[in-house]
Amino acid sequence: MTTTSTITLPSGTVEYASYGPDKSAHPPIVFMHGVAVDHRLWQPVAEILAARGYRSYAPTMPLGSHHIPWGPSADRSPRGAARLLREFVDRLGLADATLVANDTGGAITQYALDADPHFVRALVFTNCDAFDLFPPQPFQLVFALLRQRLLLKPLIETMRWRALRHSSLGVGLLVTDPDPDLTRSVFEPLRTDARIRDDLIAFLHEIDPADLAAVTPRMSRVQVPVAMVWGTGDRCFTLEHGRRFADVFGDAQFIEVPHARTFVSLDQPQAVADGVVAASARSDR
């Protein structure tokens, strides 16, 4: 069973999808996505987990594919998004959750853990930013262009063309077999709403690789179970980058997913679901 809801928090209002039974014998799962995608990044994994009796929550964070503006009064930065994530977990009573993060969402999760290393009970990182890789190439160039107010809308308009959406400047490096309907729809809020474009511009201006480079080593303070479910076919977040990130946590479990790219949850959802179940089981011990 899937339901969609809206929740207003001190740092912003977000939509979120819930999957699985209302009452579950397992700890809940929370999913965290990155820039210019929404909760559907996690849908294949959440549906597998729902069939196994897990309850999952997938918020659409205000990172470019959202429909409810974050607004200029908000802290539209990675740390502001991290605060919003912690508020979401707290308001829904999900402190015993396993948090699963991807891409920019991995950086945001690190900022959330820097503020409170124990705000969730277990962690699963799929391919994501860490250290000063925030973001990787070619997205350093893409993000630099998207920060320009006069360029953002024309650039997003080009995403109406499938060939460009699925190129290396779109999602071509991120997923093996992109769904054209999904890739088109995640860009629609940016294409049609100036307020969403303003939110993304503000967020991108606050990305600071040097700041994340200082935060990632502090993840050694995190004492909850950690698993890395890492796509080996990713040219953005390489296997070497993933292993270096895992080493920060000391005893993180590292699971290689052959051929998968950045969006491991779309390429190999079963592998991600299995990793989530294993991490969740470790948190119960």
Worksheet entry | salt bridge (Lys or Arg N to Asp or Glu O under 4.0 Å) evaluation trace for R76 with D199 | CA-CA 7 Å; R76 297 182 292 186; D199 284 343; 2.8 Å; yes

Discussion item. Does anything in residues 91-126 form a ring-ring contact (aromatic ring centres under 6.0 Å, His included)? List the pairs, not counting sequence neighbours.
Written reply: F125-F245, F125-F249

Discussion item. For residues 56-83, which residue pairs pass the ring-ring contact (aromatic ring centres under 6.0 Å, His included) check, not counting sequence neighbours?
Written reply: none

Rounded distance (nearest 0.5 Å) linking atom [atom1] of [X] with atom [atom2] of [Y]:
X: L123; Y: Q110; atom1: CG; atom2: CD; result: 10.0 Å
X: S24; Y: H26; atom1: OG; atom2: NE2; result: 5.0 Å
X: R160; Y: R165; atom1: CZ; atom2: CZ; result: 10.5 Å
X: S265; Y: F31; atom1: OG; atom2: CZ; result: 8.0 Å
X: R83; Y: I108; atom1: CZ; atom2: CD1; result: 12.0 Å
X: R86; Y: L99; atom1: CZ; atom2: CG; result: 12.5 Å

Worksheet entry | Side-chain donor or acceptor of T109 paired with backbone N/O of G105 under 3.5 Å |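 Yes; judged by distance alone, with no hydrogens or angles, the pair exists.
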
Worksheet entry | Any donor-acceptor pair under 3.5 Å from D132 side chain to A210 backbone | no

For residues 33-40, please give each side-chain donor-acceptor pair under 3.5 Å, one per line with the distance, not counting sequence neighbours.
residue : atom : partner : partner atom : Å
H33     : ND1  : V37     : O            : 3.3
H33     : NE2  : M61     : N            : 2.8
D38     : OD1  : R40     : N            : 3.0
D38     : OD1  : R40     : NE           : 3.1
D38     : OD2  : R40     : NE           : 3.1
D38     : OD2  : R40     : NH2          : 2.8
H39     : ND1  : T60     : OG1          : 3.1
R40     : NH1  : S185    : OG           : 3.1
R40     : NH2  : S185    : OG           : 2.8

Discussion item. Using the side-chain contact (heavy atoms from CB on, under 4.5 Å) criterion, which residues pair with D251? Sequence neighbours excluded.
Written reply: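 Once residues adjacent in sequence are excluded, the partners of D251 under the side-chain contact (heavy atoms from CB on, under 4.5 Å) criterion are R282.
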
Worksheet item: Listed by chain and number, what are the side-chain contact (heavy atoms from CB on, under 4.5 Å) partners of D274, not counting sequence neighbours?
Response: R52, Q270

Worksheet item: Do H166 and T183 meet the criterion of a side-chain donor-acceptor pair at a distance under 3.5 Å?
Response: yes

Discussion item. If only side-chain N and O atoms count, and only distance matters, is there a donor-acceptor pair under 3.5 Å linking N127 with T262?
Written reply: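 Not at all, the side chains of T262 and N127 share no donor-acceptor pair under 3.5 Å.
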
Worksheet item: Between E157 and R191, is a side-chain contact (heavy atoms from CB on, under 4.5 Å) present by the stated rule, with each step listed?
Response: CA-CA 6 Å; E157 287 290 346; R191 194 178 69 81; 3.3 Å; yes

What I'd like to find out is whether the side chain of [X] reaches to under 4.5 Å of the side chain of [Y], using heavy atoms alone.
X: V277; Y: Y54; result: yes
X: F254; Y: L239; result: yes
X: P269; Y: F263; result: no

Practice prompt. Taking ring-ring contact (aromatic ring centres under 6.0 Å, His included) as the test, write out the residues that go with F237, two or more places apart.
Written response: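 Result, ring-ring contact (aromatic ring centres under 6.0 Å, His included) vs F237: H241.
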
Worksheet item: When you look at R261 and D267, which way does the salt bridge (Lys or Arg N to Asp or Glu O under 4.0 Å) test go after all the steps?
Response: CA-CA 7 Å; R261 298 183 184 177; D267 278 349; 5.3 Å; no

Practice prompt. Could you give me the CA-CA distance, side-chain angles and deciding distance for Y16 and V30, then say whether side-chain contact (heavy atoms from CB on, under 4.5 Å) is met?
Written response: CA-CA 10 Å; Y16 67 96; V30 176; over 6 Å; no

Worksheet entry | Passing option when I196 is tested against I156, L190, I68 for side chain to side chain contact (heavy atoms under 4.5 Å, CB included) |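 Answer after filtering I156, L190, I68: L190.
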
Discussion item. Please determine whether the number of non-hydrogen atoms from other residues, nucleotides or ligands lying under 6.0 Å from atom CZ of R243 exceeds 12.
Written reply: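 Enclosed: over 12 neighbouring heavy atoms sit under 6.0 Å from CZ of R243.
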
Item to complete: Please test D198 against R149 for side-chain contact (heavy atoms from CB on, under 4.5 Å), starting from the C-alpha separation and ending with a verdict.
Response: CA-CA 8 Å; D198 190 60; R149 193 171 302 277; 3.0 Å; yes

